[in-house]
Structure formats: C-alpha cells, structure tokens
Novice: 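Quick one: structure below, then a few questions.
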Amino acid sequence: MVTKEDMVVFEQEIADIFATGAIRAPVHLRAGREEQLINIFQEQRISDDDYVFGFWDSHELALLKGVPRQELKEAILDGKSISLCFPKYKILCSGIVGSLMGTAAGVAWALKHQGQKGRVFLFCGDMSAETGVFHEAVKYIYNFDLPATFVVCDNGVSVMTNTREVWGNPDPWFKGTKYEKKIIYFKYVNGYPHSGLGKLIKF
Ligand SMILES: Cc1ncc(C[n+]2csc(CCOP(=O)(O)OP(=O)(O)O)c2C)c(N)n1
C-alpha cells in the first residue's frame, strides 16, 4: 500500500529533478491532499478492475492506482507528467481542462451495459467542476445510475484565480443537490505552486 510518505517523497524527488532542468516539459506537483486521496482509495476499495481518470496533476493517483514508482518516474522524465496514461493499470489522464468527463461517463456506460466488473473514478479540480462538461457528465452518470464517481479536489484556485470569486459562492454548485450522490468533495491547500516550482527553470 502506498503511504503518505511515499507520495511526499516522490513529489519531492520529481521537484528536485525538475529544478535541474532535466524535465523538458511541464510538471504539476501536489502536496497536502495525500491523506484524503489515500482514504478515498481505501474507502471506495479502488482496485485493478476500476478505471481512474485524472488531469495534469496525477502523480499521486498513478502511485495509488498501482503504477510502479520507477515506471511512473520514467514517464515523467520523458515529459508525460501532465498526460500520464497507463492502460495496463487503468489510469488515463489528460492535460486539457474538461476533456475527460464525457469519456469517463462513456466508460461507465460500457462497463454497465457490457456487464463488466469495475467502476470509474474521475479526479478533478474545483474549477474543472465548474465546466459545462462536468455538469453534463454528472447528470448523465446520475440519471442512468452508472458506476462512476467524480472526485473534486478543491484547492481554492484555478492556476492563480480565486475559485470563489468565479463561483460567486462559497460552495460548489452541486452542494445540496441530488448529484452529490455521485460526487466526493474535499478541500486542501496545495503545498506547491499550480505548475512547476514557481520560478523560471532554464533547459
Ligand atoms: C482547455 C484548457 N484551458 C486551459 C488550460 C490551462 N489550465 C491548466 S490547469 C487550469 C486550472 C484548472 O483549475 P482546477 O480545475 O481548479 O485545477 P487545480 O487547481 O486542481 O489544478 C488551467 C486553466 C488547460 N489545461 N486546458
């Protein structure tokens, strides 16, 4: 089982390598949500049968989904940090905001109607949860009772924009709605800048 320390040490190691200029591509490091992610994987019993979808900040998700540490590190060094895809481990990520909610709903539909084992878990940020496609996909997985859960990791910002100012509300749109049944939501403070290390890295 991957521990909080494993995740913290991994991100620190990638941060140190990124600082040398050896990774010629963006990386998005995260700290401060390790326990919440571990709890979700444990409580939901996310296993080999399940599909995990993530975005640009998915190093921790890959570790939790079972991607071997070295394989993950090599992919990141190869410039794939923001779009980590390991079909063998059923984790698929994209660097495009709002790009995977429909795909996740479609996979959940297929799993249900083909009678296959497995569920879908999509992890995204608080501003991603504001996109139109998030609304549409959540309504779809709710209305058709698909085996999918969307996890919203709220760090209060979208890059450097205060999410609450955009929402015009302290709470996300789905709070108090029936769609909460399909959503797991938690808040955290990211110990790293949104992207990179907050300083210019020269290659
Ligand atoms: C289509 C698209 N527009 C803009 C971006 C640039 N971008 C990357 S992450 C991000 C902010 C997303 O905010 P949130 O969903 O809250 O994610 P988090 O803060 O957790 O990284 C933006 C605008 C992008 N990757 N894709």
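Positions are given from 1 along the sequence. Remember, it's 1-based here, ligands and their atoms both numbered in the order they're listed.
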Novice: Is there a donor-acceptor contact under 3.5 Å linking the side chains of His59 and Ser81?
Specialist: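 Indeed, the side chains of His59 and Ser81 share at least one donor-acceptor pair under 3.5 Å.
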Novice: With sequence neighbours excluded, what pairs up with Asp78 under the salt bridge (Lys or Arg N to Asp or Glu O under 4.0 Å) test?
Specialist: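 Asp78 satisfies salt bridge (Lys or Arg N to Asp or Glu O under 4.0 Å) with Lys80 only.
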Novice: Show me the pairs that pass salt bridge (Lys or Arg N to Asp or Glu O under 4.0 Å) and involve residues 139-167, at least two apart or across chains.
Specialist: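 As it turns out, the salt bridge (Lys or Arg N to Asp or Glu O under 4.0 Å) pairs with a partner in residues 139-167, which skip direct neighbours, are Asp145-Lys182, Asp154-Arg164.
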Novice: With side-chain contact (heavy atoms from CB on, under 4.5 Å) as the test, pick out the partner of Ser99 among Ser83, Ser94, Cys93.
Specialist: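 The residue from Ser83, Ser94, Cys93 that satisfies side-chain contact (heavy atoms from CB on, under 4.5 Å) with Ser99 turns out to be Ser94.
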Novice: Partners of Asp48 by salt bridge (Lys or Arg N to Asp or Glu O under 4.0 Å), sequence neighbours excluded?
Specialist: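 Salt bridge (Lys or Arg N to Asp or Glu O under 4.0 Å) check on Asp48 returns nothing, list empty.
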Novice: Surrounding CD of Glu35 (heavy atoms of other residues, nucleotides or ligands, distance under 6.0 Å), is the total greater than 12?
Specialist: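 Open.
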Novice: Measuring from each atom of ligand 1, which residues have a heavy atom under 4.0 Å away?
Specialist: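 Shell around ligand 1 (4.0 Å, heavy atoms): Arg30, Trp56, Gly95, Ile96, Val97, Gly125, Asp126, Met127, Ser128, Asn155, Val157, Ser158, Val159, His194.
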